[in-house]
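Here is the structure we will look at, set down as structure tokens.
Just so it is clear: chains get the letters A, B, ... in the order the sequence lines come, proteins before strands, and each one is counted from 1.
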Amino acid sequence: MASTPNQPAGENRVRIVVATSVMLTFISFWRAAAIVLNDLGSSAFYAGGIAEQAIGKTAPWFIIAVMLFSFCVRAVYVESCSMFVRGGVYRVVKEALGGGLAKLSVSALMFDYILTGPISGVSAGQYIAGLIRELIAAGVTHHILSPSMLHLVANPTTFDNHLAVLFALSVTIFYWRENIKGIEESSDKALRVMQITTVMVVLLIGWSCFTLVYNASHGNPPHLPPLPTSENLRFDSAALGFLKGSPHVQAAAAPDAAATHETRFNFIGFFAMFGILAAFGHSVLAMSGEETLAQVNREIAHPKLKNLKRAALIIAIYSFVFTGGATLLAVMIIPDAVRVPVFKDNLIAGLAMYQAGPLLLKLLFRIFVVVVGFLILSGAVNTAIIGSNGVLNRISEDGVLTDWFRRPHRKYGTSFRIINMVVALQVVTIVLSGGDVYVLGEAYAFGVIWSFTFNSLAMLVLRFKYHGERGWKVPPNIRIGDREIPIGLASVFLVLFSTAIVNLMTKSVATISGLIFSAVFFAIFTISEKVNMRKFRHAEQQMKDQFQLLQSDTVDRAQVGIRAGSVLVPIRDYNALHHLRWVLEHTNTDEVDVVAMAARLTGAGAGEYDLSMEQIFSDYEQTLFTRAVSVAEGYGKRISLLVVPARDVWAAIVLTANQLESAAVVAGLSSKMTGPEQAFYLGRAWESMSGPKRQFVFQVVSPDRQIQTFRIGPHTPTMKSEDVHLVHRIWLDLTRLRGLDKLHHSDIVTLALTRFALEYTGRDRDEIIRALRKIEARSNAEKSGRELPPGESQPEHREPPPPPVTGP
Amino acid sequence: MRRMDVLIAVLVRIVEIMFFVGLAGSAVVWLLTTVEDVENMFSGEEPAGGGAETEVHQP
């Protein structure tokens with residue numbers, strides 16, 4: 001019977017240690033801020049245009065107000081993250097208000113995530129289409145292109161919308177494929193995108209300020225937008241929602257009515273003040289993306305709370321300057337006649353074209369804006385897929401979605417059914433929108449405002465329900481007797497709740513589509529949960545019969561019940577356990593323990609909650625371990641079983657190997673990468689791990705039993721026989737000299753290395769690098785056509801291999 | 001019908017009051033948190049910058 005060495009007598013069940021702490025590496029607050037800004041910053045490209053279409057020229061003031069208010073929403077998220085490491089909506093609402101409302105809030109969040117992809121893709125498409133039209137026009141004007149080209153763009157709206165749909169579909173399908181394969185999303189990429197975006201923002205604001213001064217000096221002084229009073233609001237008929245045709249609304253002349261040729265409306269009489277709320281509600285999508293803060297919190301390095309607050313401040317200031325600043329400058333610089341009619345869907349591109357300066361420079365800047373827009377908005381499409389997948393995975397882990405959704409892809413190990421469902425919904429949304437950013441933006445606001453509202457309500461309830469210590473609280477709080485009144489938190493909730501209610505009335509598209517979507521998702525969650533509960537009772541009984549789950553915060557030898565020097569075998573696919581078989585064939589388990597480890601990958605963008613033991617050890621792990629145990633039983637050997645939650649499988653393997661003091665890690669050959677590539681990623685994770693670190697051997701077993709061996713960590717290099725002979729010849733020669741008869745071989749190597757290090761850090765560095773490159777090229781040429789033999793070392797750090805990975 | 005109008009009017013006023021009272025409170029939240037965050041940003045303790053990069057993998 002396969003079991004651990006310390007299995008209690010008479011106990012027939014297999015003991016499995018289930019670690020509940022996720023194996024993580026950590027990121028700085030700058031990287032955390034960059035990840036969030038990739039989502040939050042993307043709304044700057046469309047929020048201003050949508051708001052101005054909805055409420056008229058006062059829009060920048062409302063966008064600025066929303067961006068200032070986002071500082072307060074961020075404070076609520078900081079408090080929730082200080083209570084729960086994963087302080088996302090689902091976790092917080094479930095804790096405070098129960099499972100029903102948690103499912104409802106997550107349905108709204110899903111609506112938000114599902115729409116993030118289409119709105120970002122379509123918006124990027126609009127920027128590209130606008131640029132193509134501009135380039136065609138410039139080409140025809142300068143006789144570079146034939147005038148017949150103008151026919152292509154004879155109807156700008158149709159051209160832009162069709163191209164936007166095409167582009168959004170292409171990007172979504174591209175990222176669908178990448179996500180199915182298991183895309184790698186690194187904070188490095190996010191940081192780089194934000195660096196490029198920052199260059200654009202600085203140029204945009206600097207050049208805009210120059211333009212304002214230039215225009216003023218040429219008799220065109222800048223005018224601020226009309227103040228945000230109820231009289232100055234000019235609503236589009238679509239922005240009145242269910243109040244269209246109401247006696248409280250009347251037609252009003254807009255300052256730019258001549259340009260738009262549209263009738264605008266205003267709230268009057270008793271409803272005059274209501275217009276301010278409606279205008280605020282039409283601008284809330286500018287702060288979409290705050291939820292991502294809760295998702296990255298878990299990965300933020302120590303001191304966590306302090307760094308979280310730093311990241312949150314950077315995010316708030318950056319998005320305020322970018323989104324608020326760009327919208328304000330657009331209204332001040334782009335003439336009324338073209339701002340909404342021509343640039344409503346690509347406002348920042350319009351801003352680039354109306355700067356003071358030569359046309360060529362402006363066109364070049366517009367190209368830069370489109371490139372940055374493409375990067376950040378395409379990234380948001382990917383974030384939307386990853387986020388939705390992450391949230392649904394979490395829900396699935398909580399038993400709210402059946403395991404059918406979470407079953408891994410046969411080849412890539414990703415939750416392909418969830419990804420397929422999310423992308424299918426996004427594709428349908430893109431096609432239905434017809435490339436209209438405004439319609440998408442209106443609907444998008446539903447998910448944004450309701451997920452924030454649920455989160456703040458839950459946090460408010462928790463103030464009364466949970467009296468334990470918190471890392472931080474939203475100020476101010478007033479104490480009356482024993483009771484603490486959360487004035488700040490209540491204020492934020494009131495603004496969010498009232499805005500959400502107003503949006504229900506003024507955003508008919510959002511209300512209808514949001515309610516239908518949320519109701520459908522809520523029904524799916526509720527039915528799935530019921531099905532799961534029945535199934536769980538059966539599975540629980542089976543599990544009780546076969547496995548004994550031992551929960552442990554950390555992984556150590558005592559918990560797993562093994563000796564030092566064990567062999568760690570990561571397993572994932574129950575149809576591919578050839579490497580476990582190989583290990584069992586070659587290991588005497590009386591002397592060396594074998595640990596089969598399943599890394600339970602927790603999804604990116606899933607910032608919801610810690611996993612409970614039953615969630616980590618799901619149906620899939622049960623099947624996986626049943627197969628592993630049966631393989632061990634086949635060999636009459638015993639293995640120990642371990643489940644480790646992880647965000648990065650490589651980090652999980654090296655951390656576990658280190659904590660278990662394993663001498664070897666044996667993995668199966670990945671379907672996506674070569675053995676050296678697997679070793680490269682494992683070596684990189686080893687380097688990222690904090691000390692004390694132990695070296696180990698990494699072996700990759702292919703299905704045809706070819707073995708590749710690598711050493712992870714600093715180790716004695718495998719020396720060629722000619723090098724050993726060279727050292728020996730030098731030693732023979734030197735020991736003949738007087739006073740050197742006690743010399744060792746190692747003394748010669750030490751001196752050679754010391755001199756090498758001196759030359760490498762001195763003038764001869766370039767020459768050494770050239771010489772090493774020659775050796776490397778020769779070695780590669782020799783190795784081409786043959787695999788590395790077992791036992792041969794591989795350097796840990798080679799040039800990064802191209803494909804990303806999800807697991808060995 | 002008249003009763004319905006009154007009801008809507010009352011509801012609208014309640015929503016407006018909630019919004020503006022909340023907005024006033026939020027202004028205080030904004031002020032207090034921003035001051036605290038700016039102090040925190042420039043406080044003596046070394047931030048954990050340049051840490052190891054996390055590779056985010058999907059399940």
Original post:
Do the non-hydrogen side-chain atoms of B/T33 and A/C72 ever get within less than 4.5 Å of each other?
Top reply: no
Subject >> Min side-chain heavy-atom separation A/P476-B/V29 under 4.5 Å >> reply: yes
Original post:
Tell me, side chain or backbone of A/F280 under 4.5 Å from chain B's heavy atoms, or both, or neither?
Top reply: side chain
Original post:
Side chain, backbone, both or neither: which part of A/I314 has a heavy atom under 4.5 Å from chain B?
Top reply: side chain
Original post:
How long is the span from the CH2 atom in B/W30 to the OG atom in A/S70, to the nearest 0.5 Å?
Top reply: 10.5 Å
Subject >> Separation between CD1 of A/I487 and CG of B/L32, rounded to the nearest 0.5 Å >> reply: 11.5 Å
Selection from [options] maximising heavy-atom pairs under 4.5 Å formed with chain B:
options	answer
A/L494, A/T499, A/I317	A/L494
A/I501, A/L496, A/V495	A/V495
A/H248, A/K309, A/M505	A/K309
A/A65, A/P475, A/A490	A/P475
A/V502, A/I418, A/V492, A/L68	A/L68

Original post:
B/A9, B/S26, B/G25: which one forms the most heavy-atom pairs within less than 4.5 Å of chain A?
Top reply: B/S26
Original post:
If you tally heavy-atom pairs under 4.5 Å against chain A, which of B/G22, B/A27, B/A24 wins?
Top reply: B/G22
Original post:
With the threshold set at 4.0 Å, does a side-chain nitrogen-carboxylate oxygen contact exist between B/D37 and A/R74?
Top reply: yes
Would you be so kind as to tabulate the donor-acceptor pairs closer than 3.5 Å made by side chains of residues 12-20 of chain B, with sequence neighbours excluded?
unit_1	atom_1	unit_2	atom_2	d
B/R13	NE	B/E16	OE1	3.0
B/R13	NH2	A/F270	O	3.0
B/R13	NH2	B/E16	OE1	3.2
B/E16	OE2	A/F274	N	3.1

Original post:
Partners of A/H409 by ring-ring contact (aromatic ring centres under 6.0 Å, His included), sequence neighbours excluded?
Top reply: A/Y412, A/F416
